[in-house]
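Since the structure comes first, as structure tokens, the remarks are kept for the end.
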Amino acid sequence: MDVLEIDGASNTGVDDVRILRENVRYKPARDRYKVYIIDEVHMLSKAAFNALLKTLEEPPPHTIFMFATTEPEKLPDTIISRCLRFDLKRIATQEIIAQLERLLQDEQIHISKRGLFLIARSAEAACVTPEPA
């Protein structure tokens, strides 16, 4: 698998980053890049960030890191200075429909307005985390 998600809240220590640093040496199995997504990256310890720093400064050419966090202000400046920042947000249903219509027109495919609405609403619902029972 060439996309790996790592839970930063559960893998907060230096040893976890050492394993990651060891694994980035290996090329992707199928795709052009091996992507490491570290969710809740702000939960890494200071020592773990320091251990990750060298790899961020000189990543292998086949490696991409994505750091996901709801608290970017908790990231060390040394990490932030080596990253591009993208603030992601939900896209409105009507924007999804408009984009789908452009794609369908280019591909000369017809789907009813109702069908496009159901697809767009389904994409929006997939982004909502259900409340714990």
Side-chain angles (χ1 to χ4, degrees):
M1 176 170 283
D2 294 337
V3 177
L4 297 115
E5 182 181 358
I6 300 164
D7 180 18
S10 301
N11 299 286
T12 61
V14 175
D15 290 336
D16 300 309
V17 172
R18 283 189 186 127
I19 293 168
L20 174 67
R21 285 178 34 202
E22 184 69 25
N23 290 336
V24 298
R25 298 184 314 161
Y26 302 110
K27 292 189 176 198
R30 182 190 65 210
D31 299 322
R32 184 174 175 193
Y33 296 103
K34 191 174 246 186
V35 180
Y36 292 89
I37 303 169
I38 304 178
D39 191 21
E40 299 300 330
V41 70
H42 66 274
M43 300 292 287
L44 293 180
S45 68
K46 184 175 180 175
F49 276 122
N50 287 335
L52 185 58
L53 199 53
K54 178 70 172 170
T55 304
L56 287 180
E57 289 173 337
E58 299 174 16
H62 59 267
T63 303
I64 296 175
F65 289 100
M66 293 182 71
F67 298 151
T69 183
T70 54
E71 301 181 46
E73 66 279 358
K74 290 187 176 180
L75 297 178
D77 289 339
T78 54
I79 298 295
I80 291 173
S81 68
R82 289 158 177 83
C83 298
L84 294 174
R85 179 174 171 167
F86 298 95
D87 292 319
L88 305 178
K89 62 179 180 165
R90 274 197 193 118
I91 301 171
T93 302
Q94 289 306 316
E95 289 180 61
I96 295 172
I97 291 171
Q99 181 64 22
L100 287 172
E101 287 175 330
R102 284 189 290 274
L103 292 171
L104 292 170
Q105 184 177 9
D106 290 347
E107 297 295 325
Q108 299 178 345
I109 299 171
H110 176 73
I111 296 178
S112 70
K113 289 278 189 188
R114 175 79 179 142
L116 290 175
F117 175 77
L118 291 172
I119 292 169
R121 196 175 77 187
S122 174
E124 185 177 319
C127 294
V128 177
T129 304
E131 292 294 321

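Basis for what follows: all heavy atoms, side chains included, without hydrogens, waters or symmetry-related copies.
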ask   = Do Asp31 and His62 have side-chain heavy atoms sitting under 4.5 Å apart?
value = no

Asp39 and Glu5, any side-chain heavy atoms less than 4.5 Å apart = yes

Gap separating the CG atom of Leu100 from the CD1 atom of Ile119, nearest 0.5 angstrom = 6.0 Å

key: Interatomic spacing from CD1 in Ile6 to CG in Leu20 - rounded to 0.5 Å   = 4.5 Å

task = Spell out, as yes or no, whether a donor-acceptor pair under 3.5 Å connects the side chain of Arg21 to the backbone of Ala51.
result = yes

task = Kindly indicate whether the side chain of Leu53, heavy atoms from C-beta on, has any atom under 4.5 Å from the side chain of Ile79.
result = yes

task = Please answer: with hydrophobic residues joined when any side-chain heavy atoms are less than 4.5 Å apart, are Leu52 and Val14 in the same cluster?
result = no

request  = Output yes when a side-chain donor or acceptor of Ser45 lies under 3.5 Å from a complementary backbone atom of Thr12, and no otherwise.
outcome  = yes

message = Checking side chain to side chain contact (heavy atoms under 4.5 Å, CB included) between Lys34 and each of Leu4, Val24, Ile64, which is the one that passes?
response = Leu4

query = So, Glu58 and Lys54, do they make that salt bridge, N to O below 4.0 Å?
reply = yes

request  = Could you tell me the separation between the CD atom of Glu57 and the OG1 atom of Thr55, rounded to the nearest 0.5 Å?
outcome  = 9.0 Å

ask   = Is it true that atom CG of Asp106 has more than 12 heavy atoms of other residues, nucleotides or ligands lying nearer than 6.0 Å?
value = yes

task = Tell me, yes or no, whether the heavy-atom count around Glu71 atom CD, taken from other residues, nucleotides or ligands under 6.0 Å, exceeds 12.
result = yes

Over all atoms of both residues, closest heavy-atom pair of Gly8 and Ile38 = CA-CG2, 4.2 Å

ask   = Can you tell me how far the OG1 atom of Thr63 sits from the CG atom of Leu56, to the nearest 0.5 Å?
value = 10.5 Å

query = Got Glu101 and Lys113 here, is their nearest side-chain heavy-atom distance under 4.5 Å?
reply = yes

query = Would Ile111 end up clustered with Leu103 when hydrophobic side chains under 4.5 Å apart are linked, directly or stepwise?
reply = no

ask   = Is there side-chain contact between Met43 and Thr69, with at least one heavy-atom pair below 4.5 Å?
value = no

ask   = Out of curiosity, Arg90 CZ to Glu95 CD, how far, rounded to the nearest 0.5 Å?
value = 13.5 Å

query = Any donor-acceptor pair under 3.5 Å linking the side chain of Asp2 with the backbone of Pro28?
reply = no

request  = May I ask whether Phe65 and Ile80 are part of the same hydrophobic cluster, defined by side-chain heavy atoms of I, L, V, M, F, W, Y residues being less than 4.5 angstrom apart, directly or through others?
outcome  = yes

Spacing of CD1 belonging to Ile96 relative to CZ belonging to Phe117, to within rounding of 0.5 Å = 10.5 Å

inquiry  = In this structure, would Leu84 and Tyr33 fall into the same cluster of hydrophobic residues linked by side-chain contacts under 4.5 Å?
reply    = no

query = With the 4.5 Å side-chain cut-off for hydrophobic clustering, are Val35 and Tyr26 part of the same group?
reply = no

key: Side chains of Gln99 and Arg102, donor plus acceptor under 3.5 Å   = yes

key: Neighbour count >12 (heavy atoms, 6.0 Å) for atom CD1, Ile91   = no

ask   = Going by heavy atoms in the side chains, are Phe49 and Thr78 under 4.5 Å from each other?
value = no

